[in-house]
Amino acid sequence: MPELPEVETVRRGLAELIPGKIVRSASHIDSPKSFPNAPKDVEEFLIGATILDVRRRAKVLLIELDTGYSLVIHLKMTGQLVFRGEQVFGAGHPNDSLIGELPDRSTRAIIGFIDGSTLYFNDQRKFGWVRLMPTLEVPNIDFMKKVGPEPLEADFTSKQFADRFTRRAKTNIKAALLDQTVVAGVGNIYADESLWGARIDPHRLVSSLGDADFKHLYTELRDVMNLAIEKGGSTDKNYVNAEGKRGSYMDFARVFRREGQKCPRCGHEIIKIKWAGRGTHLCKNCQK
DNA sequence: CACTTGACCTGTCCGC
DNA sequence: TGCGGACAGGTCAAGT
C-alpha cells in the first residue's frame, strides 16, 4: 500500500496528534515481528517515554522518544497507523472512515497514552513491522544505509536523479524506479503514473533513455507525488491516514487501476500487463 | 555487483 | 454456494 505520499500523509497526521504524549502501555497482539526485543526494552525505553517528533525516511516512519529510543515502523502493503482519542460510544463513524471499532482483527500492536488516547498498528497481511531501537542506531539499519535520496527534497536536481540510474543501465525503467536504492519512496502506483506523465513505456531499457527523458520523468514524478500528498494519498484498498480516513488521489489517477478506460491524453485504451513482477498500467499509444 | 524470481501473509474477487 | 487460482500499494533472500 503505502508509498512515499501515503507515509508522508500519516506522518503529518501523527505529527499533529502525538508529540508531547506520554506512553502508558504497549502491547503486541499476535505479530512476532513487532517488538522483537520486548519486554525488556519496552519496559525501560517505551513505557513512560514522551513522544518528541514524528519523522519519515523513504517509506519508513520514525517516532522519536525522549528516552533516546525510537519506534521505527514500516507499513509495507497493508499497514495502518490509526490514532484514536477518547472513545465516544454511539457517535458512529464518518463516511470517509474505512475502519470501525478498534482494535479489530488486523490490529498487531497497541500503544496507549496516559491521557486515554491510543495509537493502533493494523496490518492485514503481516508484512509490516514496528521496532523499538536506539535512535542513534536507526541510520545503521541495512535499509537506511542503502536507500536512495528523497525525491521531493528541494535541493534534489534532475541531474542527480538521472545519475542515480546509471547503476541500473541494463534493466527496464519500471524496475529501476521501484528500486529503493535508486530513489526513495517510489512504489507501483506512482511508478505507473509518472511513466505515463513522461510518456515513457515501462519496458524501456534505462540505457536507452536520454537526458530529456530523465528530466521529464523527474518532473512528472515530483509533480505526481506532490499532488498525491495534497490529496492525502491513494486509497486503493486498505490505506488510511492517522485519523482512519481515506486519501483521494485515485480520483485523479490517469492510468493506475484504469485499465479498459480511455487514456486522458490520446483516447486510446489503457491496458494492464504484468511487468517487473508487478501489475503495470500504460497507454501503448502515447508511451514510447 | 546487477538482475530476476519466489517467499513472506491474509483476504477478496473471478471463473468454473 | 463452493472451490481453486490469481492477485494486491513492499521488501528480502536466494538463485543465475
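The structure displayed is predicted, hence computed values, not measured ones. Below, read A as the first sequence line, B as the second, and so on, with proteins coming before strands; counting in each chain starts at 1.
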TODO: Mind checking A:Ser106 for me? I need base, sugar-phosphate or nothing, with any heavy atom below 4.0 Å counting as a touch.
DONE: nothing

Task: Whole-Å distance separating the CG atom of A:Leu75 from the C1' atom of C:dG9 - done: 11 Å

Task: Strand DNA chain C as a dot-bracket string - pairs counted if Watson-Crick or G-U with both distances under 3.5 Å, | where the partner lies in another strand - done: .|||||||.|||||||

Task: Nearest-Å distance for atom pair CG/P, residues A:Asn238 and C:dG9 - done: 11 Å

Open item on the list: Rounded to whole Å, how long is the line connecting atom CG of A:Asp123 with atom C1' of C:dG9?
Closed with: 12 Å

Open item on the list: Please determine whether a side-chain nitrogen of the Lys or Arg among A:Arg84 and A:Glu243 lies less than 4.0 Å from a carboxylate oxygen of the Asp or Glu.
Closed with: no

Task: Spacing of A:Ile111 atom CD1 and A:Leu81 atom CG [to the nearest 0.5 Å] - done: 8.0 Å

Task: Whole-Å gap separating C1' (C:dG9) and NZ (A:Lys174) - done: 11 Å

Task: Reading 5' to 3' through nucleotides 6-11 of chain B, protein heavy-atom contacts under 4.0 Å coded B for base, S for sugar-phosphate only, - for none - done: --BBBS

Open item on the list: Looking at B:dT4, I'd like to know if its phosphate oxygens (OP1 or OP2) sit under 4.0 Å from a side-chain N or O belonging to A:Lys170.
Closed with: no

Task: Along DNA chain B (nearest heavy atom to each residue), the more 5'-positioned of A:Arg167 and A:Gly277 - done: A:Arg167

Open item on the list: If you compare all heavy atoms of A:Phe127 against all heavy atoms of A:Met77, which two are closest, and at what distance to 0.1 Å?
Closed with: CD1-CG, 3.8 Å

Task: A:Arg265 to A:Trp196, cation-pi by 6.0 Å centre distance and 45° axis angle - done: yes

TODO: Could you walk me through whether A:Tyr249 and A:Glu193 pass the side-chain hydrogen bond (donor to acceptor under 3.5 Å, both in side chains) test, one step at a time?
DONE: CA-CA 11 Å; A:Tyr249 177 81; A:Glu193 290 287 291; 2.6 Å; yes

Task: Residues forming a side chain to side chain donor-acceptor pair (under 3.5 Å) with A:Asp163, sequence neighbours excluded - done: A:Lys159

- [ ] Quickly work out the A:Asp179 CG to C:dG10 P distance and round it to whole Å.
- [x] 13 Å

Task: Below 4.0 Å: OP1/OP2 of B:dT4 and any side-chain N or O of A:Thr171 - done: yes

Open item on the list: Could you tell me how far B:dT12 sits from C:dT11 if I compare only their P atoms? Round to whole Å.
Closed with: 24 Å

Can you pull every protein N or O that's under 3.5 Å from an N or O on nucleotides 11-15 of chain C?
unit_1, atom_1, unit_2, atom_2, d
C:dT11, OP1, A:His74, NE2, 2.8
C:dT11, OP2, A:Lys59, NZ, 2.3
C:dT11, OP2, A:Gln180, NE2, 3.4

Task: Whole-Å gap separating P (C:dA6) and CD (A:Glu259) - done: 18 Å

Open item on the list: Under 4.0 Å, counting only non-hydrogen atoms across every strand here, what does A:Gly279 touch: a base, just sugar-phosphate, or nothing?
Closed with: sugar-phosphate

- [ ] Rounded off to whole Å, could you give me the CE-to-C1' distance for the A:Met250 and C:dA8 pair?
- [x] 12 Å

Open item on the list: Would you measure the distance from the P atom in B:dC14 across to the matching atom in C:dG9 and give it in whole Å?
Closed with: 16 Å

Open item on the list: Closer than 4.0 angstrom, basic N to acidic O: yes or no for A:Arg278 and A:Asp192?
Closed with: no

Task: Those residues that, when tested against A:Lys237, pass side chain to side chain donor-acceptor pair (under 3.5 Å) (two or more places apart) - done: none

TODO: State plainly whether the residues A:Glu16 and A:Arg12 are in salt-bridge range, i.e. N to O under 4.0 Å.
DONE: no

TODO: Write down the distance between CD (A:Glu8) and C1' (C:dG9), rounded to a whole number of angstrom.
DONE: 17 Å

TODO: List for me each residue that meets side chain to side chain contact (heavy atoms under 4.5 Å, CB included) alongside A:Phe45, sequence neighbours excluded, and say none if there are none.
DONE: A:Asp41, A:Thr67, A:Tyr69

Task: salt_bridge(A:Asp213, A:Arg204) N-O dist < 4.0 Å - done: yes

Open item on the list: What's the separation between atom NE2 in A:His268 and atom SG in A:Cys283, rounded to the nearest 0.5 Å?
Closed with: 7.0 Å

